[in-house]
Amino acid sequence: HVEHHQVLRLRRSRGGRILDIKKPQPFRAGAAVGGNIKQPTMSKKGNKTNEPKKTPIYRASEMLLRWALPIVDSLPKSLASQTLGGLMIRDLHDCLDAITIALSTADRAQKIQCIKLLSVHLTSIETTMRAFTENRYVSLKQEADFLDLVNPITVQAEAWLAKWEAGAVAE
């Protein structure tokens, strides 16, 4: 059994700043015959890959996920708290999925379903955080930080739902 590791090749300027990254792609039939496989490249500033812009609600959800990971890691090691922490992380991932699907579909009914699902996951996350606070697994300051992160997501989701439901009634 042979393991294959992908090696990233960095091209740097004289000052040491990364100019681009080349990642070898696996062989694909037809790629050598006129197929053009685009390699991920770094921006001119050398710190971000050139990928599609993310919406504010998606970025806010990513930020909430990044914030939650160390919180969940610091929970007591009891089965109950670790299970709830894992479910909260799963709900945060499900929020990202719901947002992605809502943004990528043209079907208004599917958009509405995705935003309603997003609201369900946000409610679950908020309930879990309330339980953590009541059991003193997280501080009141951590709960306030959480609310500062989750409120913009909730407000945007409610605005989208109102917009898309109003459009569905008009159709």
Side-chain angles (χ1 to χ4, degrees), residues 5-6 8 10 12 16-18 20-21 23 40-168:
H5 296 282
Q6 289 189 348
L8 297 179
L10 303 178
R12 295 182 182 266
R17 202 166 68 202
I18 296 173
D20 64 11
I21 293 179
K23 181 177 178 182
T41 58
M42 298 299 276
S43 70
K44 292 188 192 254
K45 291 184 179 180
N47 58 358
K48 284 188 173 179
T49 57
N50 295 327
E51 55 186 43
K53 298 258 184 205
K54 294 178 182 165
T55 59
I57 190 172
Y58 190 90
R59 284 194 310 270
S61 297
E62 279 183 325
M63 197 170 9
L64 181 58
L65 176 61
R66 283 192 303 271
W67 177 88
L69 289 172
I71 298 294
V72 169
D73 280 343
S74 69
L75 291 172
K77 300 304 176 200
S78 70
L79 179 61
S81 60
Q82 288 298 306
T83 300
L84 273 178
L87 290 172
M88 186 168 96
I89 297 301
R90 191 203 65 208
D91 281 332
L92 285 164
H93 276 276
D94 290 345
C95 287
L96 292 170
D97 291 343
I99 293 166
T100 301
I101 294 168
L103 291 170
S104 67
T105 185
D107 181 23
R108 189 177 300 271
Q110 190 175 10
K111 285 181 183 289
I112 292 169
Q113 278 302 110
C114 287
I115 297 307
K116 286 182 177 180
L117 186 60
L118 173 62
S119 295
V120 167
H121 290 300
L122 288 171
T123 301
S124 175
I125 293 164
E126 291 166 353
T127 302
T128 301
M129 185 55 71
R130 206 171 309 116
F132 289 159
T133 304
E134 288 170 1
N135 286 301
R136 297 189 176 152
Y137 298 156
V138 298
S139 68
L140 292 175
K141 183 194 179 321
Q142 287 172 317
E143 184 183 31
D145 291 345
F146 164 79
L147 292 172
D148 287 343
L149 291 168
V150 80
N151 284 338
I153 301 166
T154 304
V155 167
Q156 180 65 55
E158 289 170 355
W160 273 358
L161 190 58
K163 171 185 163 187
W164 290 332
E165 283 182 332

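With respect to Asp94 and Arg90, a salt bridge is recorded, a charged nitrogen being found less than 4.0 Å from a carboxylate O. No salt bridge links Arg108 with Glu165; every basic N to acidic carboxylate O contact stays at or beyond 4.0 Å.
Ala102 and Ile115 get closest at one heavy-atom pair: CB-CD1, 4.0 Å. Nearest heavy-atom pair, Met88 versus Ala68, reported as atom, atom and distance to 0.1 Å: CE-CB, 3.8 Å. Across all non-hydrogen atoms, the minimal contact from Glu62 to Leu96 is N-CD2, 3.8 Å. Nearest heavy-atom pair, Ile112 versus Trp164, reported as atom, atom and distance to 0.1 Å: CD1-O, 3.6 Å.
Within the 4.5 Å cutoff, no side-chain heavy atoms of Met63 are placed close to those of Arg59. Side-chain atoms of Ile125 and Cys95, non-hydrogen and from C-beta on, do get closer than 4.5 Å to each other. Looking only at side-chain heavy atoms (C-beta outward), Thr133 and Phe146 stay at 4.5 Å or farther from each other. Put simply, the side chain of Gln156 reaches to within 4.5 Å of the side chain of Trp160, judged on heavy atoms. Between Thr128 and Leu87, every side-chain heavy-atom pair lies at or beyond the 4.5 Å cut-off. Leu118 is not listed as a side-chain neighbour of Leu161, based on a closest heavy-atom distance of 4.5 Å or more. Inter-residue side-chain proximity for Lys163 and Glu158 is flagged as unmet; no heavy-atom pair is nearer than 4.5 Å. The closest side-chain heavy-atom distance from Ile99 to Cys114 is not below 4.5 Å.
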Salt bridge (charged side-chain N to carboxylate O under 4.0 Å, His left out) evaluation trace for Asp145 with Lys141: CA-CA 6 Å; Asp145 291 345; Lys141 183 194 179 321; 3.0 Å; yes

Check against side-chain hydrogen bond (donor to acceptor under 3.5 Å, both in side chains), Ser81 and Ser78: CA-CA 6 Å; Ser81 60; Ser78 70; 2.9 Å; yes

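A donor-acceptor distance shorter than 3.5 angstrom exists from the side chain of Gln82 to the backbone of Pro76, with no hydrogens or angles considered. Between the side chain of Thr105 and the backbone N or O of Ile101 there is no donor-acceptor pair closer than 3.5 Å.
The distance from the CG atom of Leu92 to the NE2 atom of His121 is 10.0 Å, given to the nearest 0.5 Å. Separation of atoms CD1 (Ile71) and CD (Glu143) is listed at 11.5 Å; rounding is to 0.5 Å. Remark: Trp67 CH2 to Gln142 CD distance equals 6.0 Å, nearest 0.5 Å.
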